[in-house]
Number of protein chains: 2
Amino acid sequence: MAKPTYYNLEKDKQERLIDACIEEFSTYTFSEASINRIIKRAGISRGSFYQYFEDKEDCYMEILGIIAQEKYRIFKDVVQAEAGNVFEAYLNMLRQVKIWMEAQPRYYRIGVLMELDKSNFIQKLTKQNPGMMEYFLSLIRKDQANGIIRSDVDPQLLSDMLIGINQKLLMEHFVNKDYDRMIEASEAVLDLIQKGTMVR
Amino acid sequence: MAKPTYYNLEKDKQERLIDACIEEFSTYTFSEASINRIIKRAGISRGSFYQYFEDKEDCYMEILGIIAQEKYRIFKDVVQAEAGNVFEAYLNMLRQVKIWMEAQPRYYRIGVLMELDKSNFIQKLTKQNPGMMEYFLSLIRKDQANGIIRSDVDPQLLSDMLIGINQKLLMEHFVNKDYDRMIEASEAVLDLIQKGTMVR
DNA sequence: CGCCATTATGACACCCCTGTCATATTCAAT
DNA sequence: ATTGAATATGACAGGGGTGTCATAATGGCG
């Protein structure tokens with residue numbers, strides 16, 4: 001956790017510092033990120049940085065905390081609409097991600113870079129993510145029970161597919177900043193997965 | 001290109017050097033790879049390294065050349081069987097990749113790390129890859145003409161899906177070293193894509 | 001004002017890296 | 001055996017990085 005001095009910082013200075021950190025961590029991997037660049041950008045001295053944070057990891061955790069807060073703020077009042085099936089649930093989720101990407105591209109980028117980092121510290125952080133797969137799995141099973149999805153479809157496989165495909169779409173459209181097209185493409189993908197490619 | 005001195009090297013020494021390079025480049029990104037570690041492992045002096053190669057890039061290119069050769073050796077006499085459709089072509093390709101992964105996991109790993117590297121040099125190298133997507137696109141169009149795939153399926157989309165899903169499967173099974181399961185999973189995925197998830 | 005706690009600073013030690021270069025060694029050919 | 005070319009070597013320059021620490025500046029408060 002950041003040192004007391006950090007929390008005592010006057011607002012303006014703290015914001016400058018946070019912005020510099022976000023800029024750095026959304027441009028470089030944690031391993032590649034440079035404290036030198038951060039302090040230069042924030043206009044503070046090397047010594048001060050270490051007055052605020054224990055070290056680079058500490059600083060990173062502080063930023064992650066801020067991101068988590070903001071994420072919660074944006075996602076909390078999203079209609080947790082009872083999704084009719086996995087596919088709808090999926091699209092709901094994607095629309096939320098679109099909002100997130102548009103509102104906070106730098107935050108999203110930090111997430112992307114996290115996935116690319118191989119350092120122990122980051123690997124440990126990333127591992128702590130059970131999440132979404134379980135959610136999809138349960139939905140798929142429910143849909144099978146309701147006769148919406150064929151019962152001989154392997155839930156695990158379908159879930160992997162959904163997650164895998166979209167990782168690609170997300171990434172692709174994020175670099176192009178074409179978020180609307182992303183939703184369209186996803187709808188088409190889901191449609192295809194439901195109907196299959198075969199001529200009937 | 002490597003310097004003449006490199007090519008004059010006695011076999012044993014050259015092999016030790018190459019092995020050290022492969023070990024390094026299959027463990028670290030090009031940017032993160034360290035000449036210090038390479039020379040230590042190869043048991044040569046720093047000066048010697050630069051007697052053989054212009055610099056790190058030069059060394060990397062030499063290794064890529066060796067990999068390309070080996071890849072060709074393994075892939076050349078694979079039955080370029082006239083695949084019946086995209087899905088068969090896809091599985092053919094995947095089986096080749098399996099052989100490659102098993103035969104040369106380190107080489108495969110170098111490819112993976114290349115994708116993760118953001119340095120200019122590597123980005124430039126990676127870009128020069130038109131490849132597989134075009135191939136899939138043409139096959140998909142052919143299948144549509146032959147009435148195997150519904151004509152209202154977007155070829156680009158299907159191609160993206162195939163490539164995207166498998167990137168995930170490949171990666172996942174590569175880390176688990178479970179190549180047989182990889183083929184099975186891919187077959188299941190392809191089956192699902194063909195038939196769709198809907199109950200008919 | 002004077003005093004003390006808090007905060008700010010940049011020089012410093014130490015680490016790792018790449019690429020160079022004068023010098024030493026090896027080796028083949030005369 | 002001598003000599004000259006090819007090869008080997010590690011000290012060195014120069015750059016970047018992190019974390020520390022003695023010292024300086026600041027700011028409230030008695």
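Just so it is clear, the values below take in all heavy atoms, side chains as well, and ignore hydrogens, waters and symmetry mates. Below, chains carry the letters A, B, ... as their sequence lines are ordered, and counting in each starts from 1.
Interatomic distance, I66(B) CD1 to I22(B) CD1, rounded to the nearest 0.5 Å: 6.0 Å.
If you measure from atom OH of Y52(B) to atom P of dG19(C), you get 17 Å, rounded to the nearest angstrom. Whole-Å rounding puts the I39(A) CD1 to dG10(C) C1' distance at 9 Å. As rounded to whole Å, 12 Å separates atom C1' of dT23(D) from atom CD of Q51(A). Atom pair F121(B):CZ and dT18(C):P shows a separation of 14 Å (rounding to whole Å applied).
Side-chain N or O atoms of T29(B) include none that pairs as donor or acceptor with a backbone N or O of E32(B) at under 3.5 Å.
Judged by the 6.0 Å and 45° rule, K56(B) forms a cation-pi pair with F30(B).
Side-chain polar atoms of Y28(B) and E23(B) form no donor-acceptor pair below 3.5 angstrom. Between the side chains of N166(B) and Y90(B), a donor-acceptor pair is found at a separation under 3.5 Å.
Within 6.0 Å of NZ in K168(B) there are more than 12 heavy atoms belonging to other residues, nucleotides or ligands. Around atom CZ of R16(B), more than 12 heavy atoms belonging to other residues, nucleotides or ligands sit under 6.0 Å away.
Here T5(A) reaches the OP1 or OP2 of dT7(C): one of its side-chain N or O atoms lies under 4.0 Å away. Residue N8(A) has a polar side-chain atom (N or O) positioned under 4.0 Å from OP1 or OP2 of dT7(C). Between Y6(A) and dT7(C) there is no side-chain polar atom (N or O) within less than 4.0 angstrom of OP1 or OP2.
If you check residues 9-24 of chain B against DNA chain D, the residues with a heavy atom closer than 4.0 Å are K13(B), listed by number.
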For nucleotides 27-29 of chain D, list the nitrogen or oxygen atoms of the protein found under 3.5 Å from its nitrogen or oxygen atoms, one pair per line.
none

Report each atom pair, protein N/O against N/O of nucleotides 11-20 of chain D, whose distance is under 3.5 angstrom.
{"unit_1": "dG17(D)", "atom_1": "OP1", "unit_2": "S34(A)", "atom_2": "OG", "d": "3.3"}
{"unit_1": "dG17(D)", "atom_1": "OP2", "unit_2": "N36(A)", "atom_2": "ND2", "d": "2.6"}
{"unit_1": "dT18(D)", "atom_1": "OP1", "unit_2": "I35(A)", "atom_2": "N", "d": "3.0"}
{"unit_1": "dT18(D)", "atom_1": "OP2", "unit_2": "I35(A)", "atom_2": "N", "d": "3.4"}
{"unit_1": "dG19(D)", "atom_1": "OP2", "unit_2": "Y50(A)", "atom_2": "OH", "d": "2.6"}
{"unit_1": "dG19(D)", "atom_1": "N7", "unit_2": "R46(A)", "atom_2": "NE", "d": "2.9"}
{"unit_1": "dG19(D)", "atom_1": "N7", "unit_2": "R46(A)", "atom_2": "NH2", "d": "3.0"}
{"unit_1": "dG19(D)", "atom_1": "O6", "unit_2": "R46(A)", "atom_2": "NE", "d": "3.0"}

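Checked for salt-bridge contact, D180(A) and K98(A) meet the test: a charged N lies under 4.0 Å from a carboxylate O.
Side chains of F174(A) and R109(A) form a contact here, defined as non-hydrogen atoms less than 4.5 Å apart.
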### Query
Is there a side-chain hydrogen bond (donor to acceptor under 3.5 Å, both in side chains) between N36(A) and S34(A) once you walk through the steps?
CA-CA 5 Å; N36(A) 281 342; S34(A) 151; 4.7 Å; no
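Hydrophobic clustering keeps Y60(A) apart from L113(A) (ILVMFWY residues linked when any side-chain heavy atoms are closer than 4.5 Å, directly or through intermediates).
The residue F53(A) sits apart from the nucleic acid: no heavy atom pair falls under 4.0 Å.
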